[in-house]
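Residue numbers begin at 1 in each chain, while the letters A, B, ... track the order of the sequences. Just so you know, these numbers come straight off a predicted model, no measurement behind them.
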Amino acid sequence: MLSGDIPPNQTIYIKNLNEKIKKDELKRSLYCLFSQYGRILDIIALKTPKLRGQAWVCFSEVTAASNAVRQMQNFPFYEKPMRIQYAKTKSDCIAKEEGSFVPREKKKKQEEKAEKKKYADESKQSAVPNGGTHGASNGGSTQASFRPGSGAQEAAAPNNILFIENLPYETTGRMLEMLFEQYPGFKEVRLIEAKPGIAFVDFEDDGQSSMAMQALQGFKITPQNPMIINFAKK
DNA sequence: AGCACA
């Protein structure tokens, strides 16, 4: 009943989203937030009257979706608690992956006025930041590919302030907040206007900052941008 | 509240 009697599905359905957020930013932020649970194959969000305030996030595994449903239930996202359920039907991207995809016909209640023209082939833009619906993931663990210690600079001394590098240009303070505020002791994110790509994140103490650092080290906001997190220099 | 795949 917590999930509304809908059977598990690889795709989660999210409602009560803040409708003021632009579609693109919304997708990117959802990607940020949910890729910690597994590989995301697609994110669907539409701003039509019927569908605004809702989104579908398709995972490659049902277990990822299950964890997301439970753990992110009521998560405050852009000031509004997310309401998350399993999707009622199988997503096209999932059906395509398993080869069972049949282009939808005008079966049920598809009173489409949009049948005038065939949208024959669309170069389908992917929902996920920068490109491919495949291979862009943090793989269930947020400690992805970045290997500290391979090479250059030695670790700074523990500090309650974290120094984040290698962020994609479009990273917003809110995106980082949503990632870091999940960890106890979070205080604030500080982006450096003059220097895109880096940020400082303040925690109450260096124990708490360490936990967040370990959890999010290598986290990819886009596939090309594993976060590099170090303690800030004093 | 509202379950799609421009």
Side-chain angles (χ1 to χ4, degrees), chain A residues 1-35 37-138 170 222-223:
Chain A
M1 15 213 85
L2 290 173
S3 56
D5 293 342
I6 300 156
N9 190 306
Q10 278 177 68
T11 298
I12 58 173
Y13 167 73
I14 310 170
K15 60 184 181 181
N16 198 41
L17 293 169
N18 188 327
E19 298 179 10
K20 296 193 289 262
I21 309 306
K22 291 190 303 297
K23 194 167 67 177
D24 219 62
E25 179 186 342
L26 184 71
K27 286 183 181 179
R28 295 183 102 83
S29 294
L30 287 169
Y31 181 82
C32 274
L33 210 56
F34 282 99
S35 54
Y37 296 102
R39 171 180 308 151
I40 292 175
L41 301 178
D42 204 3
I43 299 180
I44 306 290
L46 290 304
K47 292 276 262 183
T48 61
K50 179 144 180 246
L51 264 30
R52 66 175 70 130
Q54 300 151 80
W56 289 260
V57 177
C58 315
F59 289 97
S60 64
E61 308 287 343
V62 195
T63 53
S66 302
N67 289 332
V69 169
R70 288 198 307 269
Q71 297 178 36
M72 297 305 276
Q73 196 59 259
N74 302 319
F75 182 86
F77 186 65
Y78 293 111
E79 284 73 57
K80 301 189 70 184
M82 292 193 285
R83 304 276 126 88
I84 313 178
Q85 302 167 349
Y86 293 113
K88 285 183 183 158
T89 59
K90 188 192 292 285
S91 298
D92 286 358
C93 67
I94 308 286
K96 280 172 185 159
E97 280 245 323
E98 48 185 52
S100 62
F101 178 67
V102 291
R104 74 194 74 265
E105 2 204 336
K106 43 304 207 45
K107 278 173 94 168
K108 305 196 167 170
K109 40 173 201 168
Q110 295 268 10
E111 1 85 47
E112 299 301 356
K113 52 189 177 180
E115 274 306 284
K116 31 193 142 175
K117 199 103 194 254
K118 268 228 153 140
Y119 296 92
D121 45 6
E122 303 278 354
S123 58
K124 180 176 164 67
Q125 61 132 40
S126 86
V128 148
N130 76 321
T133 51
H134 301 270
S137 102
N138 284 288
E170 334 77 61
T222 77

query = When the distance from CD1 of Ile84(A) to P of dC3(B) is rounded to whole Å, what number comes out?
reply = 17 Å
message = Going by ring-ring contact (aromatic ring centres under 6.0 Å, His included), name the residues that satisfy it together with Phe34(A), two or more places apart in sequence or in a different chain.
response = none
inquiry  = From C-beta outward on Ala87(A), which listed nucleotide comes closest to its side chain: dC5(B), dG2(B), dC3(B)?
reply    = dC3(B)
message = Can you work out whether Thr48(A) or Lys88(A) has the more 5'-proximal nearest nucleotide on DNA chain B?
response = Lys88(A)
message = I need the CG-C1' distance between Asn9(A) and dA4(B), as an integer number of Å.
response = 12 Å
key: For atom NZ of Lys90(A) and atom P of dC5(B), their distance in whole Å   = 17 Å
inquiry  = I'd like to know if the side chain of Glu97(A) reaches the main chain of Ala95(A), judged simply by a donor and an acceptor atom lying under 3.5 Å from each other, with no hydrogens or angles considered.
reply    = no
query = Between the side-chain atoms of Ser91(A) and the base atoms of dA4(B), is any donor-acceptor pair under 3.5 Å?
reply = yes
ask   = With a non-hydrogen cut-off below 4.0 angstrom, is Leu51(A) in contact with a base, only sugar-phosphate, or nothing?
value = sugar-phosphate
request  = Take atom CD1 of Ile6(A) and atom P of dA4(B), then tell me their distance rounded to the nearest Å.
outcome  = 13 Å
key: Euclidean distance, atom CD1 of residue Ile44(A) to atom P of dA6(B) [Å, nearest integer]   = 6 Å
ask   = Starting at OH of Tyr13(A) and ending at P of dC5(B), how long is that distance when rounded to a whole Å?
value = 13 Å
ask   = Should we say atom CD of Glu19(A) is surrounded by more than 12 heavy atoms from elsewhere, each under 6.0 Å from it?
value = yes
request  = Kindly check if the number of other-residue, nucleotide or ligand heavy atoms within 6.0 Å of NZ (Lys20(A)) is above 12?
outcome  = no
Between dA6(B) (P) and Lys47(A) (NZ): distance, integer Å = 18 Å
message = So, does Lys15(A) get its side chain near the phosphate of dC3(B), meaning an N or O under 4.0 Å from OP1 or OP2?
response = no
inquiry  = Could you tell me how far apart Phe101(A) (CZ) and dC5(B) (P) are, to the nearest whole angstrom?
reply    = 11 Å
